[in-house]
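Below: one structure, written as structure tokens.
Chain A is the first sequence line, chain B the second, and so forth, proteins listed ahead of strands; every chain is numbered from 1. In this text the structure is predicted, and so the values were computed from the model without any measurement.
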Amino acid sequence: MAERRVRVRFAPSPTGPLHIGGVRTALYNYLFARQNGGDMVFRIEDTDSNRFVPGAEDYIIESFKWLGVEFDEGVSFGGNYGPYRQSERRDIYKKYVNILLESGKAYIAFDTPEELEAKRNEIKNFQYDASTRMSMRNSLAMPKEEVDRLISEGVQYVVRFKIEPNEDVHVNDIIRGDVVINSSILDDKVLYKSADELPTYHLANIVDDHLMEISHVIRGEEWLPSAPLHVLLYRAFGWEDTMPQFAHLPLLLKPDGNGKLSKRDGDRLGFPVFPLEWHDPKSGEISSGYRETGYLPEAVINFLALLGWNPGNDQEIMSMDELIKLFDLHRCSKAGAKFDFEKCKWFNHQYIQLKDNTELAQQMLVQMRAEGVDAPVEKVAKVIGMMKSRVSFVKELWDTCKFFFVAPTEYDEKTRKKRWKEESPAQMTELAEVIAGIDDFSIENQENVVMKWIEDKGYNTGIIMNAFRLAIVGEGKGPHMFDITEVIGKEETIARIKRAVENIK
RNA sequence: GGCGCCUUCGUCUAGUGGCCUAGGACGCGGCCCUCUCACGGCUGAAACACGAGUUCGAGUCUCGUAGGCGCUACCA
């Protein structure tokens with residue numbers, strides 16, 4: 001087989017926000033393109049003018065920008081194979097439709113949607129194909145003069161692909177192997193509508209993939225049943241030699257139950273199914289996005305990459321560069337994958353641990369300042385270093401770190417009951433005095449002095465430290481006590497102890 | 001209904017005829033670490049859809065059954 005430059009495309013319809021399943025499809029295309037030093041094309045398939053949703057195209061572009069999936073050419077990226085928006089390629093499709101018409105591989109049909117609907121109601125499993133087409137209103141069944149007359153009268157028509165029956169069509173799929181479908185079960189697909197002078201998906205797709213020199217079509221499994229039709233189209237055009245290789249990816253399924261993951265599942269389960277928050281222009285409805293929910297793009301990418309593919313070993317945390325190196329279409333699974341939000345959250349947790357503390361500090365400072373609290377970024381970063389192991393989202397950081405910057409105003413009920421003993425007020429008052437006497441407020445020295453005091457007095461370490469924690473933090477969690485006091489300082493430590501003694505009953 | 005695809009722990013998966021007493025990860029339970037909560041370490045429960053066949057030997061190959069999903073539009 002001749003060496004061919006790898007060129008793949010991601011070609012969504014601008015019918016709404018980009019579904020997370022679409023993101024994965026695009027990701028796999030991207031990984032494959034990068035690994036092979038090929039091109040990633042962004043094409044907009046807007047051949048159904050009725051379903052166009054304003055803003056969808058920009059949304060998709062912004063989503064990939066956030067996720068770090070880059071395109072080499074296409075809508076908004078330029079390139080030598082444009083235009084990349086199908087609605088701007090009318091003339092091109094018209095030309096190819098005519099080629100099919102002239103060679104007798106397609107024909108004109110006048111049946112209206114209503115007539116077809118009636119036919120389907122009338123005959124149980126009606127299909128517009130070799131067995132029925134001669135009884136329909138089309139250029140095969142009607143005299144030429146009549147066809148010409150109708151066209152000249154401006155009667156709307158469609159162009160249908162004439163599928164020859166009883167032929168086994170083979171699709172060689174990289175993931176699924178040889179898939180065979182008999183052409184008799186295919187219907188004479190509508191390729192073109194005179195009403196809007198636009199092709200349907202199938203024709204536009206084949207023409208564009210061919211003209212754009214696409215080498216591999218990596219798409220969702222929902223396209224597998226129409227793949228034989230596409231093979232037949234390539235053949236009809238005489239393009240079989242350069243037909244792209246197909247790879248049909250397994251679907252992303254609902255976390256609970258079965259079926260394709262849908263927009264509704266996100267709302268229902270309280271988790272996003274879109275990369276970015278989406279404001280529906282018609283309904284005004286808002287759907288949550290991964291970005292706004294606080295997911296890191298690296299985490300979303302990593303998680304998605306592993307939904308339907310794995311590197312063959314136990315490695316789970318992989319950067320985009322590593323994914324590009326390791327990705328392999330042959331290692332994609334065939335069965336649909338249920339979307340597990342818990343695991344996605346775990347990935348986010350992992351990536352927060354990997355993230356630079358100063359960078360996280362800058363993000364947390366935005367929240368802090370919004371609440372009227374400020375602090376040097378170095379100090380915030382230091383606190384985050386101690387605290388980030390206990391959060392899964394950046395936005396949780398402020399809540400868990402807050403006590404470092406703001407003294408507790410209330411004390412957790414449960415902890416108070418469990419940790420604040422009868423003797424605690426007296427002991428804490430004493431502790432405040434001990435701390436007041438410490439000059440070297442380093443973690444180590446504080447610990448030495450306090451522990452010595454506990455030992456000398458014969459106190460119970462747990463009782464002292466837990467009460468101390470309640471006084472400083474307001475609840476029973478957090479890093480080691482002296483790590484905290486070293487950050488908040490001696491005066492604040494003493495003030496908090498005193499306040500606790502006064503307020504905790 | 002027709003056609004196609006698929007089927008290993010609850011979930012994502014490893015597994016390409018003997019290395020499988022089926023491995024890892026998420027989640028869940030226990031223990032350890034410890035002044036608490038996380039992190040981390042150790043550990044437990046948890047799966048080859050079913051039935052035939054091929055073979056000395058089957059999670060792995062074949063067939064059948066069941067189930068799931070997808071497609072079946074002048075949507076993509």
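OP1 or OP2 of B:A14 sits under 4.0 Å from a side-chain N or O of A:N310. Listed pair A:R120 / B:C74 meets the phosphate criterion, a side-chain N or O lying under 4.0 Å from OP1 or OP2. Distances shown here put every side-chain N or O of A:S226 at or beyond 4.0 Å from the OP1 or OP2 atom of B:U72. Distances shorter than 4.0 Å separate none of the side-chain N or O atoms of A:R176 from OP1 or OP2 on B:G70. The side chain of A:S333 places an N or O atom within less than 4.0 Å of a non-bridging phosphate oxygen (OP1 or OP2) of B:U13. Here A:R51 does not reach the OP1 or OP2 of B:A76: none of its side-chain N or O atoms lies under 4.0 Å away.
For A:E455 and B:C35, the CD to P distance is 14 Å, given to the nearest whole Å. Remark: P of B:G4 and CD of A:Q127 are 13 Å apart, rounded to the nearest angstrom. Going from atom CZ of A:F468 over to atom P of B:U34 covers 20 Å, rounded to whole Å. If you measure from atom CH2 of A:W420 to atom P of B:U36, you get 17 Å, rounded to the nearest angstrom. Whole-Å rounding puts the A:K260 NZ to B:C6 P distance at 17 Å.
Across A:W309, A:F327, A:F10, a single residue satisfies ring-ring contact (aromatic ring centres under 6.0 Å, His included) together with A:Y28, and that is A:F327. Only one option out of A:R133, A:R160, A:K162, A:K105 pairs with A:D188 in a salt bridge (Lys or Arg N to Asp or Glu O under 4.0 Å); it is A:R133.
Between the side chains of A:N138 and A:Y157, no donor-acceptor pair is found at a separation under 3.5 Å. Between the side chains of A:E45 and A:S13, not a single donor N or O lies within less than 3.5 Å of an accepting N or O. Between the side chains of A:D168 and A:N182, at least one donor N or O sits under 3.5 Å from an acceptor N or O.
One cannot find a donor-acceptor pair under 3.5 Å joining the base of B:A73 and the side-chain atoms of A:K189. Interface remark: the A:S13 side chain does not form any donor-acceptor pair with the B:A76 base, using a distance-only criterion of under 3.5 Å.
Residue contacts for A:G308: at a heavy-atom cut-off of 4.0 Å it reaches the sugar-phosphate backbone alone, with no base atom in range.
Between the P atoms of B:C5 and B:C61, the separation comes to 16 Å (whole Å). Nucleotides B:U13 and B:U60 place their C1' atoms 16 Å apart, quoted to the nearest Å.
Pairing partner, B:C39: none, since no Watson-Crick or wobble contact has both distances short of 3.5 Å.
Comparing A:T200 and A:D340 by the nucleotide of RNA chain B that holds the closest heavy atom to each, the one mapping nearer the 5' end is A:D340. Mapping A:F126 and A:G462 onto RNA chain B via the closest heavy atom, the residue that lands nearer the 5' end is A:G462.
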